[in-house]
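The sequence lines fix the lettering, A, B, ..., with proteins before strands; numbering per chain opens at 1.
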2 protein chains.
Amino acid sequence: MEELDRQIVELLVADGRMSYTDLGRATGLSTSAVHQRVRRLEQRGVIRGYAAIVDPEAVGLPLTAFISVAPFDPSAPDDIADRLADVPEIEACHSVAGEENYILKVRVATPGALEHLLARIRSLAGVSTRTTVVLSTPYEARPPHL
Amino acid sequence: MEELDRQIVELLVADGRMSYTDLGRATGLSTSAVHQRVRRLEQRGVIRGYAAIVDPEAVGLPLTAFISVAPFDPSAPDDIADRLADVPEIEACHSVAGEENYILKVRVATPGALEHLLARIRSLAGVSTRTTVVLSTPYEARPPHL
DNA sequence: GCTGAAAATAGACTTGC
DNA sequence: GCAAGTCTATTTTCAGC
């Protein structure tokens, strides 16, 4: 990727609502030039979208956990991700190499909610789980180092 | 949190660049009313900011991994998060309950880069590591279920 | 806390380099 | 691929309820 695009992406990751005017000032381009580049970055899929960053605690989800899952029957076709796709507490689902098949990142309100969530995941996907509770998060969702 | 605020947050998480005009249409409020509410949500820290969502593969970081770390000397004061704060490959750092002290999420370009990163983390923070490589990511960074 | 309107800004689009 | 200019939409502020 080009230096100019790299710079634009970095600026938009830091502030997704930055105006094209300011992006132009920061990069030395005209408004229409950055606008054009941003649109190309969006079309190429480099920029997938824009989102407000929400504090999970502030919206009542203070408890974060990682759940490693492994299927009861390892020979069965693996449709675990699909089976869990509609569980809203699951923020991320990664297929991984290692003892377990997936790592899930979940957010819930209370330990009780985590207990129910684990039961739901086990029965929905036919998996055993190993849960690691997050105590605190020094940092998270830092921008990629382009 | 109030229903109207919940709705606004949900809309802004889905599209961080949505205009106040459109937010007003979607919620039935006037432009200035939503604007006011958004500002209060920002001030209260419910909305921490806005960011462009970037495809890590498209910016040359196709390899994601989780690294669990535990200090060589568990009796030493724990400044691991601080010591690792300036390592740009680390996207997230969670203090966790369990066998290890922290779970790091990292993104790198190649297996070789991961090898160097692990060495750097071990020497910087004085920790042993256990690495789980991500094979694929069915979904990630889904909005919190308000 | 919401509305509605006015003024300031920024966005979208076109044309020419 | 970029700059300049025009037209439209949005942001922002404020008086009034």
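- If you measure from atom NE2 of A:His35 to atom P of D:dA4, you get 18 Å, rounded to the nearest angstrom.
- With rounding to whole Å, A:Arg25 atom CZ is found 10 Å from C:dA10 atom C1'.
- Side chain of B:Arg83 to backbone of B:Leu124: a donor-acceptor contact under 3.5 angstrom is found.
- Remark: side-chain polar atoms of B:Arg130 are not paired, donor with acceptor, to backbone N or O of B:Ala70 under 3.5 angstrom.
- Note: CG (B:Leu23) to C1' (C:dT3) measures 17 Å, nearest angstrom.
- Between A:Asp22 atom CG and C:dA10 atom P the separation is 6 Å, expressed in whole Å.
- B:Glu42 meets the side-chain hydrogen bond (donor to acceptor under 3.5 Å, both in side chains) test with B:Tyr50; sequence neighbours excluded.
- At distances below 3.5 Å, at least one donor-acceptor pair connects side-chain atoms of B:Tyr139 with backbone N or O atoms of A:Ala81.
- Remark: C1' of C:dA10 and CZ of A:Arg17 are 12 Å apart, rounded to the nearest angstrom.
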Exercise for review: Apply salt bridge (charged side-chain N to carboxylate O under 4.0 Å, His left out) to the pair B:Glu140 and B:Arg107, showing each step before the final yes or no.
Suggested key: CA-CA 14 Å; B:Glu140 188 177 10; B:Arg107 296 208 196 259; 2.6 Å; yes

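- A donor-acceptor distance shorter than 3.5 angstrom exists from the side chain of A:Arg17 to the backbone of B:Met18, with no hydrogens or angles considered.
- A:Tyr50 places its OH atom 11 Å from the P atom of C:dG11, with the value rounded to the nearest Å.
- The distance from the CG atom of A:Leu41 to the CD1 atom of A:Ile47 is 4.5 Å, given to the nearest 0.5 Å.
- For DNA chain D, if you chain together Watson-Crick or G-U pairs that step i with j, i+1 with j-1 and so on, the runs of at least three with distances under 3.5 Å are C:1-10 with D:8-17, C:12-17 with D:1-6.
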Tabulate protein N/O versus nucleotide N/O from nucleotides 1-3 of chain D, keeping only pairs under 3.5 Å, one per line.
| residue | atom | partner | partner atom | Å |
| --- | --- | --- | --- | --- |
| D:dG1 | OP2 | A:Arg40 | NH1 | 3.0 |
| D:dC2 | OP1 | A:Arg37 | NE | 3.2 |
| D:dC2 | OP1 | A:Arg37 | NH2 | 2.7 |
| D:dA3 | OP2 | A:Ser30 | N | 2.8 |
| D:dA3 | OP2 | A:Ser30 | OG | 2.9 |

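- Side-chain contact check for A:His94 versus B:Lys105: some heavy-atom pair is nearer than 4.5 Å.
- Taking atom OH of B:Tyr20 as the reference point, atom C1' of D:dT12 lies 9 Å away to the nearest angstrom.
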